[in-house]
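Below is one structure, written out as structure tokens; comments come after it.
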Protein chains: 2
Amino acid sequence: MITILLDSPVPLHDQLVSELRGLIAQGKLAVGDELPSVRQLAADLGINLNTVARAYRELTDAGLLTSARGRGTVVISSVEKGRGPKSLSQQRLESSMAGALADAKIAGISLEVIQAIFKKQTEIIWKNP
Amino acid sequence: MITILLDSPVPLHDQLVSELRGLIAQGKLAVGDELPSVRQLAADLGINLNTVARAYRELTDAGLLTSARGRGTVVISSVEKGRGPKSLSQQRLESSMAGALADAKIAGISLEVIQAIFKKQTEIIWKNP
DNA sequence: ATTAATGTATCATGCTTTGATACTTTGGCA
DNA sequence: TGCCAAAGTATCAAAGCATGATACATTAAT
């Protein structure tokens, strides 16, 4: 359900936070759902328990989760504490993405090719040395 | 022209590489264009010269730039080493896509969110002609 | 009460980035 | 031709940070 890249420049706990935020935002993790224990998730991902704990703590600080010793970690909200619905950079991404796709459609590029290009570019930008 | 975020989890040299890749892919930096000196750009961005030098070196290794002592750094290619040519419209799509993704990465938007935005935009554009 | 399972805290270690500084090469100009 | 400024490169140190091993504290179930 959750995947992380061990050889990414972005720290593991940051990846985890992003992943979990995404799952919560998408509703795949609903309010009231219990997350796997830090040891469980750490074992699943092959990383240290502290790294998972740190991600949980950051999301707890953000107001999305609640944690307690002996009881586990639970989703308590799907909205960030004190944050707007969308970041400015995200809106900008939507705009530029929409523009690029509209142009591509007019140029007659097939959806399959577009998806392939998107995939390749993300790979280049994310995984290059 | 180039902006970086000092408080991003992404390393400065990685941000620089992404930015420069984006500019080259978009054609804002054309083949033959000379880049600012490592000292100049470092001063402009308020970072260390080594950081700029490292970004230049990585792009040199990727086959996009060439550097020489005393002469500076110049764009020699707009395509990554080991990639073939494409149709014109596809190249344009690749360019704008690369630019958008590079910006998104620097902004710290997670890959999952980016993919969600891409999916949503394609649905919108292909559904409503 | 015991025990297993949970999150939390502490500390060490190692990697990586970043920076300060010096070296080397090139090209222009007196 | 010789000097000098400007370019990239190399070296080394310092700092930060992520990651991990381990121990502690708390809860709930038996």
Side-chain angles (χ1 to χ4, degrees), chain A residues 2-20 29 32-77 126-129, chain B residues 2-20 29 32-77 105-106 108 110:
Chain A
I2 295 175
T3 60
I4 56 175
L5 303 176
L6 292 163
D7 54 349
S8 166
V10 307
L12 298 180
H13 68 266
D14 261 317
Q15 294 185 45
L16 251 184
V17 167
S18 296
E19 288 281 314
L20 291 171
L29 280 177
D33 282 358
E34 187 164 345
L35 290 159
S37 76
V38 292
R39 287 171 181 78
Q40 181 65 50
L41 187 51
D44 288 352
L45 299 175
I47 61 180
N48 192 271
L49 123 180
N50 292 322
T51 307
V52 179
R54 177 167 178 179
Y56 281 7
R57 183 167 49 74
E58 291 183 16
L59 289 171
T60 299
D61 293 342
L64 294 177
L65 306 178
T66 183
S67 290
R69 283 172 169 162
R71 288 187 313 172
T73 303
V74 180
V75 180
I76 58 173
S77 173
W126 256 259
K127 297 183 180 163
N128 249 328
Chain B
I2 296 174
T3 60
I4 57 175
L5 302 176
L6 292 163
D7 55 348
S8 166
V10 182
L12 299 181
H13 68 267
D14 260 317
Q15 295 187 42
L16 251 183
V17 167
S18 295
E19 283 282 313
L20 292 171
L29 280 177
D33 283 357
E34 186 165 346
L35 291 162
S37 76
V38 292
R39 286 171 181 80
Q40 180 67 48
L41 187 52
D44 288 351
L45 298 175
I47 61 179
N48 192 272
L49 125 182
N50 292 322
T51 307
V52 178
R54 177 168 177 179
Y56 282 6
R57 183 167 49 75
E58 290 183 18
L59 290 170
T60 299
D61 292 343
L64 295 178
L65 306 178
T66 182
S67 290
R69 284 174 170 157
R71 288 186 309 166
T73 303
V74 179
V75 180
I76 56 173
S77 172
K105 182 183 181 185
I106 289 170
S110 79

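Numbered from 1 within each chain, the chains take letters A, B, ... in sequence-line order.
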Legend entry - Residue met sooner reading DNA chain C from 5', once B:N50 and B:R54 are mapped to nucleotides: B:R54
Inset, instruction - Using the heavy-atom set of chain A and a strict 4.0 Å cut-off, write down the first and last nucleotide of DNA chain D that makes it in, 5' to 3'. - result: D:dA18 to D:dA28
d([atom1], [X]; [atom2], [N]) in whole Å:
X     : N      : atom1 : atom2 : result
B:H13 : C:dT16 : NE2   : C1'   : 8 Å
A:L12 : C:dT16 : CG    : P     : 12 Å
B:N48 : C:dT18 : CG    : C1'   : 6 Å
A:R57 : C:dT10 : CZ    : P     : 12 Å
B:E58 : C:dT18 : CD    : C1'   : 14 Å
A:Q40 : C:dG7  : CD    : P     : 10 Å
B:D14 : C:dT16 : CG    : P     : 12 Å
A:L35 : C:dA5  : CG    : P     : 19 Å

Inset, instruction - Rounded to the nearest 0.5 Å, what's the gap from OG1 on B:T66 to CG on B:L64? Could you check? - result: 11.5 Å
Legend entry - Inter-residue atom distance A:T51.OG1 - A:D14.CG, 0.5 Å rounding: 11.0 Å
Considering only heavy atoms from C-beta outward, does the side chain of [X] approach that of [Y] to under 4.5 Å?
X     : Y     : result
A:D44 : A:Q40 : yes
B:V75 : B:L65 : yes
B:L12 : B:L6  : yes
B:L59 : B:T73 : no

Inset, instruction - Please name the pair of heavy atoms, one in B:T60 and one in B:S67, separated by the smallest distance, quoted to 0.1 Å. - result: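 In terms of heavy atoms, the two residues are closest at OG1-OG, 3.8 Å.
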Inset, instruction - May I have the step-by-step check of side-chain contact (heavy atoms from CB on, under 4.5 Å) for A:L45 and A:L16, ending in yes or no? - result: CA-CA 10 Å; A:L45 299 175; A:L16 251 184; 4.1 Å; yes
Legend entry - Under 4.0 Å protein heavy-atom contacts per nucleotide of nucleotides 22-30 of chain C, with B for base, S for backbone only and - for none: B-BBSS---
Legend entry - Steps toward side-chain contact (heavy atoms from CB on, under 4.5 Å) verdict (A:L41, A:L35): CA-CA 9 Å; A:L41 187 51; A:L35 290 159; over 6 Å; no
